[in-house]
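One structure is given here, and the rest of the page talks about it.
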Amino acid sequence: MANVLPNLNVLGLKNAKHLLRRTTYDFSKKTIDQFAALTPAQALDILLAPDSPTLNLPYDPTPEAAPDGFWTESSSLPSSFLNQDRKATMVTAWWWYNAQKSQTLKYKMSHFLSTCFTVQRSNSGTASDFYDYIRLLLFYANGNYKTLAKKITLSNAMLNYLSNGSNSKSSPNENYAREFLELFTIGKGPQIALGNYTNYTESDISQAARVLTGFRTQEDRSLLDAETKIPKGYNLFSQHQTSAKIFSTAFNSRSIPAATNAVLMDTELEAFVTMVFDQPATAKNICRKLYTYFVKSAITPEIENDIIHPLAQNLYAANYELTTTIRLLFESLHFYDLDDSNANDETIGAIIKSPLQQLSEISSSLQLVIPDPTTNPLAFYYQFWCGFINNSFFSSANMTPFNPESVAGHPAIFQAPDHDKLWISASTLIARYRLGESLIEGLNKISGNANIGAKINSIDLLRNSDLISNPTDPYILTSELCNLLFGQEADSDRVNYFMNSFLLQGLDASYWTTAWNNFISSNNSSVIEARIKLLLTKILRAAESQLF
């Protein structure tokens, strides 16, 4: 029976890989070995520890007449800078670089929160507004979901994206109010009548929109939130509806008194947010999102009763502080599939990787050598990230991080029952299959064959790292690569298939041992390099490599 009782055992390699894949973007062998010796509780101490970014600020090094550099720190009006979309792409590059360097849950949680409080990068206002949105998600990554719900309402990016920055007393705009209830917090519930969705009604949306009138974007980013020190919008009381807001029986007919000045608009907003989060259905909806993002997409009646319900009780009792619920989930027997013996409902290897997950795992596991964004920003931001990752891989794989197709998010994250299966289609397969090859060759094999500015050094990967315990043995080499890159451990038949087909290519095992030893003594890699690259490429294209 599914349960959230804690797993008190040392993780070991299998569970350490599982935990790190689901919670971080760091899958290096060094980190895996470190976590393998820890219990889940000890591992969570590290995952939830405070974390400072390796790279402090995004940078635009593009060779124009006057490159903008650290434009987010400029006193110039954010909208005055050229190429806002490119600069927003630089922000994503900055976030990803820091994510790759972090052993904490902070970056994976910030991406999760972006699927809860959705903003389209391309419709968030300026690139600086988008940067502030990402910083807000990072600030509350292990913090309070309820507080984030209030703070993000005043985010310039959110005010721009869902048009609440034009929500006025004479013509209330319901866009943000609708998504706040349906997508960001409580969720609809089963529809029980026209305009009645169990958890709220159309009338509640109208009343929420009235609460939310009068908030405006602060275009020069001069107004900072007192807690986060992140730029936010402002309160324009002349456009706020100054009568009480009366909600339906779904919210116990709650009446929220109207603000009488700009300062009290925040008090009214606080009362509205508190009303929504006082409903147990809100905690359940958030925990379902946590489960489908971090564990697997199928929520059966058993999972609803035995996992979602206790998680939601925990979250509600903690007043929506995420840390205690995160610990309960990631320390549980269920997360490691130790609560039953049913082989048909595995959690390990149960999710198809998103393009972001695929890129991050390959880069970290196989030690991708990327340009240093500090000493060679043009190569990192422009050649590698913009030219290859964003414009070629992500666009072809149908996932631009923080830029989903709609306010509901990427279909693979929200659209039941297929969910993560939607990452793979006829239109995305080429990009998924050729990403590994591109990173191994240092060339864009998805389109155009241009130099991408980054490369996996396949020879050094086996010779100078501790990735493979005995590279002279073709079976050990192949099995350890498979087990590093596959969601579940490869059996001997599968290992032999890859070894014989692509490393040995019909020759005896002694051939490889001799070839490797000759390489070590002569430093001539001409014999072995092509075989190693082929082996890696085929392993990365395997169905097992698409799962985590």
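The shown structure was predicted, so the numbers you read here are calculated from the model rather than taken from an experiment. Side chains included, hydrogens not; waters and symmetry mates left out as well; all remaining heavy atoms used.
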Polar side chain donor-acceptor pair, D129 to S124, under 3.5 angstrom | no

Please walk me through it: do D68 and K87 pass salt bridge (Lys or Arg N to Asp or Glu O under 4.0 Å)?
-> CA-CA 9 Å; D68 296 324; K87 283 180 169 55; 2.5 Å; yes

Nearest 0.5 Å, what's the CG-CD1 distance between L477 and I532?
-> 6.5 Å

E179 side chain to A408 backbone, donor-acceptor under 3.5 Å | no

Classify the side-chain pair R22/T347 by whether it contains a donor and acceptor separated by less than 3.5 Å.
-> no

Please assess F384 against Y97 for the test ring pair (Phe, Tyr, Trp, His ring centres under 6.0 Å), listing each intermediate value before the final yes or no.
-> CA-CA 12 Å; F384 170 64; Y97 184 85; 9.8 Å; no

Would you please say whether a donor-acceptor pair under 3.5 Å links the side chains of T62 and R86?
-> yes

About how many Å separate CG of D51 and NZ of K106, when rounded to the nearest 0.5 Å?
-> 5.0 Å

Not counting sequence neighbours, list each pair that qualifies as a ring pair (Phe, Tyr, Trp, His ring centres under 6.0 Å) and has a residue in residues 407-462.
-> H410-W423

Any donor-acceptor pair under 3.5 Å linking the side chain of S102 with the backbone of A99?
-> no

From CA spacing to verdict: side chain to side chain donor-acceptor pair (under 3.5 Å), T89, R121 = CA-CA 9 Å; T89 303; R121 187 186 80 187; 3.2 Å; yes

Residue pairs involving residues 25-56 (criterion ring pair (Phe, Tyr, Trp, His ring centres under 6.0 Å); sequence neighbours excluded) | Y25-W95

Could you grab the distance from atom OG1 of T126 to atom CG of D85, nearest 0.5 Å is fine?
-> 12.5 Å

Modelled atom types, side-chain donor and acceptor of N523 and R463, under 3.5 Å = yes

Kindly state each residue pair satisfying side-chain hydrogen bond (donor to acceptor under 3.5 Å, both in side chains) with at least one member in residues 366-380, sequence neighbours excluded.
-> none

Run the salt-bridge test on D337 and K296 with the 4.0 Å N-O cut-off and return the result as yes or no.
-> no

Would you mind checking if R327 and E331 are paired as a salt bridge, meaning a charged N to carboxylate O distance below 4.0 Å?
-> yes

Salt bridge flag under 4.0 Å for residues D26 and K101 | no

Using the ring-ring contact (aromatic ring centres under 6.0 Å, His included) rule, pick out the option among Y381, F402, W385 that qualifies with W96.
-> W385

Rounded distance [0.5 Å steps], SG in C116 versus NE2 in H111 = 10.5 Å

Which residues satisfy the side-chain contact (heavy atoms from CB on, under 4.5 Å) test with K533, sequence neighbours excluded?
-> I440, E441, K455, S458, E529

Looking at CD1 of I303 and OG1 of T292, how far apart are the two atoms once the value is rounded to the nearest 0.5 Å?
-> 12.0 Å

Could you verify whether a donor N or O on one side chain and an acceptor N or O on the other, from K289 and N285, lie under 3.5 Å apart?
-> no

Would you mind checking if E304 and K284 are paired as a salt bridge, meaning a charged N to carboxylate O distance below 4.0 Å?
-> no

S363 side chain vs L359 backbone, donor-acceptor pair below 3.5 Å | yes

Ring pair (Phe, Tyr, Trp, His ring centres under 6.0 Å): which pairs involve residues 518-548, sequence neighbours left out?
-> W516-F519

Check the pair Y59, F380 against ring pair (Phe, Tyr, Trp, His ring centres under 6.0 Å), reporting the backbone distance first and the verdict last.
-> CA-CA 10 Å; Y59 188 82; F380 172 72; over 10 Å; no

E480-S469 side chain donor-acceptor pair, cut-off 3.5 Å = yes

Are the ring centres of Y161 and Y133 closer than 6.0 Å?
-> no

Ignoring hydrogens and angles, state whether a donor on the side chain of N142 or T323 is under 3.5 Å from an acceptor on the partner side chain.
-> no

Set of residues satisfying side-chain hydrogen bond (donor to acceptor under 3.5 Å, both in side chains) with respect to S406, sequence neighbours excluded | none

Indicate yes or no: does R494 engage D491 in a salt bridge with an N to O separation below 4.0 Å.
-> no

Please round to the nearest 0.5 Å and tell me the distance separating atom CG of L481 and atom NZ of K538.
-> 15.5 Å

Report the C-alpha separation of K14 and E489 in whole Å, then their side-chain angles, then the decisive distance to 0.1 Å, and conclude whether the salt bridge (Lys or Arg N to Asp or Glu O under 4.0 Å) test is met.
-> CA-CA 8 Å; K14 176 183 177 181; E489 186 171 343; over 6 Å; no

No-hydrogen, no-angle side-chain donor-acceptor test under 3.5 Å, N398 and T428 | no

Around atom CG of L57, are there more than 12 heavy atoms of other residues, nucleotides or ligands at under 6.0 Å?
-> yes

For this output row, return yes or no: ring centroids of F335 and F294 closer than 6.0 angstrom.
-> no

Looking only at side chains, do S28 and T31 share a donor and an acceptor under 3.5 Å apart?
-> yes

For the rings on W94 and Y131, is their centre-to-centre separation under 6.0 Å?
-> yes

Do K30 and Q103 have side-chain atoms, one donor and one acceptor, less than 3.5 Å apart?
-> no

